[in-house]
Amino acid sequence: MSNEKLTTRSENYSEWYNQVIQRAELADYAPVRGCMVIRPHGWALWENIQQSLDRRFKATGHVNAAFPLLIPKSFLEKEKEHVEGFAPELAVVTIGGGEVLEEPLIVRPTSETIIGYMYAKWIKSYRDLPLLINQWGNVVRWEMRTRLFLRTLEFYWQEGHTAHATEKEAKEETLRMLETYTRFAIDDAAVPVIPGRKSATEKFAGAVHSYSIEAMMGDTKALQSGTSHLLGQNFAKAFEIQYLDENNTQQFCWTTSWGLSTRFIGAIIMTHGDDQGLILPPKLAPIQVVIVPIYKNDEEKSKVMPVVERLRLELSDFRIKVDDRSEVTPGFKFNDWEMRGVPLRLEVGPKDVEKESVMAARRDIPGREGKSILPQEQLRGKIADLLTDIHTSLYERARAFRDAHIFDPKNYDELKQIVQEGWAFSWWCGDPACEAKVKEDTKATTRCIPLDQPARNGKCIVCGKDAHEKVYFSKAY
RNA sequence: CGGGGCGUGGCUCAGUCCGGCUAGAGCACUCGGUUCGGGACCGAGAGGUCGAAGGUUCAAAUCCUUUCGCCCCGACCA
């Protein structure tokens, strides 16, 4: 831990981001370029994300399995668009056990191909469908430029892969999982997201349609925080995933895939963090409540600690920690836990022992404003309420920030201005040429075409032709 | 791959231009004491093949050559 002040977000946003990660001990740089070590505090956060999502996956009928890390190179080549999309960023194993391999192996960048191969083996009949499998794992993509959590050579994620008898079912699944991600982001991470469809140029290599949830970071750039793909029959045809229907006719399956990665940790950092450091949403925070005991001498300590211990037991429903370090002062601990993003801090000192109270400090409201004195009686319920409040206020604050930075440009010149400091929500004719022009002029790309659309039609912000959908343009991570 | 920056105790850096005593500082760490309701203080201590290799020189952190790595900014992407 450094004692120096954190770089502020307005001074240098990306420097702020890097410092928060290191000082909150979420992650550290590994010896290999572009790789990171996820440290215990970061991993604990990821575990909570996993639990939250996994519960939702199970509730919608999915089961977990594990597929191998290494994939025959030829598998990738079976789906044309897929291989073209991923070829530049593949890590390839050419030697094993000291021998040059007959066929090089790919370190999976995603698992559609090997899962497709297995599904072809497993699926025979319409009775085998739908097949709903998820896996938690890691993948490797050889990226040019990397950032902690947002883009690393190796990252952890979950990838769901499903096979269905009909296009309708596959499409329902794709949207169901998009909705699952949306609920997770809003209800558990307090991250406001916009679910929508990706443009053809932004979609997953090999998908018919890609959908994403898009979040606005504290610097107004967009972050794709989860994706769900309708793969149509592309992979089914490439891998011959077929079933016999009720009429004894061979049919190709309709497949989907969907993923959410450790990148989401970046979304949490950049959605909620402030100039004091990390702010974690209560439902996902590895430590929800920290108790800092306060005393001047052994006599005070002997009075304070039994109360602290009693409160710790009483609050054992929460993820709670008592900071009993004797080598640092309470003031240091306050800053330390604020840096680490703990949503709620309780201070217990001699005055509290006397008055049977505790001092509570909310992480989302800095300084004196966020402090309140609570009676020790019925503390558990009060803490639960406070954590709920913190969740709500984090969400509302992030949503207000986002909405204040979304604009509807009146013309193309305005759009060019807007995407420098926010998102533009505009009519778009759907022509990739218009999208490309915006990108060339401004570096902003289409983020998503939201599922919720106005009832009327409009004119494309770029070319002026008829448009029936509105899209978000913005710079993105 | 292009542009920029940087490699010196765990961290942040000074020293490099202009070679020369035993390579420094702050923070962190260890021990002792005083402190403790918003980043405490005093004293003592431990810790470094100066990214690596080669060269020039009586002498290299410093000059030359080569090389490796990392970070930041651009083109590709969750």
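Chain identifiers are assigned alphabetically (A, B, ...) following the order of the sequence lines, protein sequences preceding nucleic acid strands; residue numbering begins at 1 within each chain.
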Mind checking if A/Arg345 touches a base, just sugar-phosphate, or nothing, with heavy atoms under 4.0 Å? base

Of the options B/C71, B/G39, B/C76, whose atoms approach the side-chain atoms of A/Met144 most closely? B/C76

Salt bridge or not for A/Arg363 and A/Asp274, using N-O below 4.0 Å? yes

Side-chain donor-acceptor pair present, A/Glu435, A/Thr201, cut-off under 3.5 Å: yes

Distance check, P atoms only: B/G9 and B/A23, in whole angstrom units. 15 Å

Using atom C1' of each nucleotide, how far apart are B/U8 and B/C1 to the nearest Å? 31 Å

Using the ring centroid of each side chain, check whether A/Tyr472 and A/Phe425 are separated by less than 6.0 Å. yes

Ignoring hydrogens and geometry beyond distance, is the side chain of A/Arg368 in donor-acceptor contact with the base of B/G38 at under 3.5 Å? no

When we call it a touch if two heavy atoms are under 4.0 Å apart, what does A/Glu15 touch: a base, just sugar-phosphate, or nothing? nothing

Pairwise C1' distance for B/U22 and B/C68, with rounding to whole Å: 31 Å

Any idea which of B/C72, B/G74, B/C36 is nearest the A/Lys443 side chain? B/G74

Nearest-Å distance, CH2 (A/Trp337) to P (B/G39)? 18 Å

N/O donor-acceptor pair, side chain A/Asp352 with base B/G37, under 3.5 angstrom: yes

Given B/A40, is OP1 or OP2 found less than 4.0 Å from the side-chain N or O atoms of A/Thr329? yes

Name the nucleic acid region contacted by A/Tyr29, choosing base, sugar-phosphate or nothing; use a 4.0 angstrom heavy-atom cut-off, strictly under. sugar-phosphate

The answer to which of A/Pro88 and A/Glu338 contacts RNA chain B further toward the 5' end, by nearest nucleotide, is A/Glu338

Base, sugar-phosphate, or nothing: which does A/Ser212 touch, judged by heavy atoms less than 4.0 Å apart? nothing

Selected nucleotide, minimal atom distance to A/Pro330 side chain, candidates B/A40, B/C71, B/C36: B/C36

Taken to the nearest whole Å, CZ/A/Arg340 to P/B/G39 is 18 Å

Using the rule side chain to side chain donor-acceptor pair (under 3.5 Å), only one of A/His161, A/Glu173, A/Gln158 pairs with A/His62; which is it? A/Glu173

Pair A/Lys439 + A/Glu202, salt bridge at N-O below 4.0 Å: no

What does A/Ser228 touch in the nucleic acid at a heavy-atom separation under 4.0 angstrom: a base, only the sugar-phosphate, or nothing? nothing

Within this structure, what is the CZ-to-C1' distance between A/Arg147 and B/C73, rounded to whole angstrom? 11 Å

Think A/Ser14 has a side-chain N or O under 4.0 angstrom from the OP1 or OP2 of B/C73? yes

Ignoring hydrogens and angles, state whether a donor on the side chain of A/Trp258 or A/Asn134 is under 3.5 Å from an acceptor on the partner side chain. no

Are the side chain of A/His229 and the backbone of A/Thr256 linked by a donor-acceptor contact shorter than 3.5 Å? no

When you measure only distances, ignoring hydrogens and angles, does the side chain of A/Lys371 come within 3.5 Å of the base of B/G38 through a donor and an acceptor? yes

Just by distance, do the side chain of A/Glu79 and the backbone of A/Glu81 share a donor-acceptor pair under 3.5 Å? yes

In Watson-Crick or G-U wobble terms, both distances under 3.5 Å, what is the partner of B/G26? B/C11

Select base, sugar-phosphate, or nothing to describe what A/Leu260 touches, counting heavy atoms under 4.0 Å on all strands. nothing

Distance check, P atoms only: B/U16 and B/U62, in whole angstrom units. 12 Å

In Watson-Crick or G-U wobble terms, with both distances under 3.5 Å, the base opposite B/G38 is none

Which part of the nucleic acid does A/Gly349 contact within heavy-atom distance under 4.0 Å: base, sugar-phosphate only, or nothing? base

If B/G43 has a Watson-Crick or G-U wobble mate with both distances under 3.5 Å, name it; if not, just say none. B/C31

NA contact type, A/Gln224, heavy-atom cut-off 4.0 Å: base, sugar-phosphate, or nothing? sugar-phosphate

Whole-angstrom distance between B/G7 and B/G48, as gauged at atom C1': 14 Å

Once you apply a heavy-atom cut-off of 4.0 Å, does A/Phe264 come out as touching a base, just sugar-phosphate, or nothing? nothing

Can you tell me the distance, in whole Å, between the CD1 atom of A/Ile294 and the P atom of B/C36? 12 Å

Strictly distance-based, threshold 3.5 Å: is any side-chain N or O of A/Ser10 a donor or acceptor partner for the main-chain N or O of A/Thr8? no

RNA chain B: 5'-proximal contact among A/Glu202 and A/Gly34 (nearest heavy atom): A/Gly34

So, does A/Arg145 get its side chain near the phosphate of B/C76, meaning an N or O under 4.0 Å from OP1 or OP2? no

Taking a pair as Watson-Crick or G-U wobble with both distances under 3.5 Å, which nucleotide is matched to B/C58? B/G20

Does B/G2 have a Watson-Crick or wobble partner in any strand here, with both distances under 3.5 angstrom, and which is it? B/C73

A/Lys296 has a side chain; which of B/C36, B/G37, B/C76 sits nearest to it? B/C36

From CE of A/Met36 over to P of B/C71, roughly how many Å is that when rounded to an integer? 12 Å

Integer angstrom distance from the P of B/G51 to that of B/G15: 15 Å

Rounded to whole angstrom units, what separation is found between the CD atom of A/Glu354 and the P atom of B/G37? 18 Å

Can you tell me how far P in B/G26 sits from the matching atom in B/G43, rounded to whole Å? 11 Å

Between B/U30 atom P and A/Arg325 atom CZ, what is the distance in whole Å? 12 Å

Is A/Asn18 near enough to B/C72 that one of its side-chain N or O atoms lies under 4.0 angstrom from OP1 or OP2? yes

Please report the distance separating the C1' of B/C17 from the corresponding atom of B/A53, rounded so that it comes out in whole Å. 25 Å

Counter-base of B/G48, judged by Watson-Crick or G-U geometry with both distances under 3.5 Å: none

Whole Å only: how far is the CZ atom of A/Phe332 from the P atom of B/C27? 13 Å

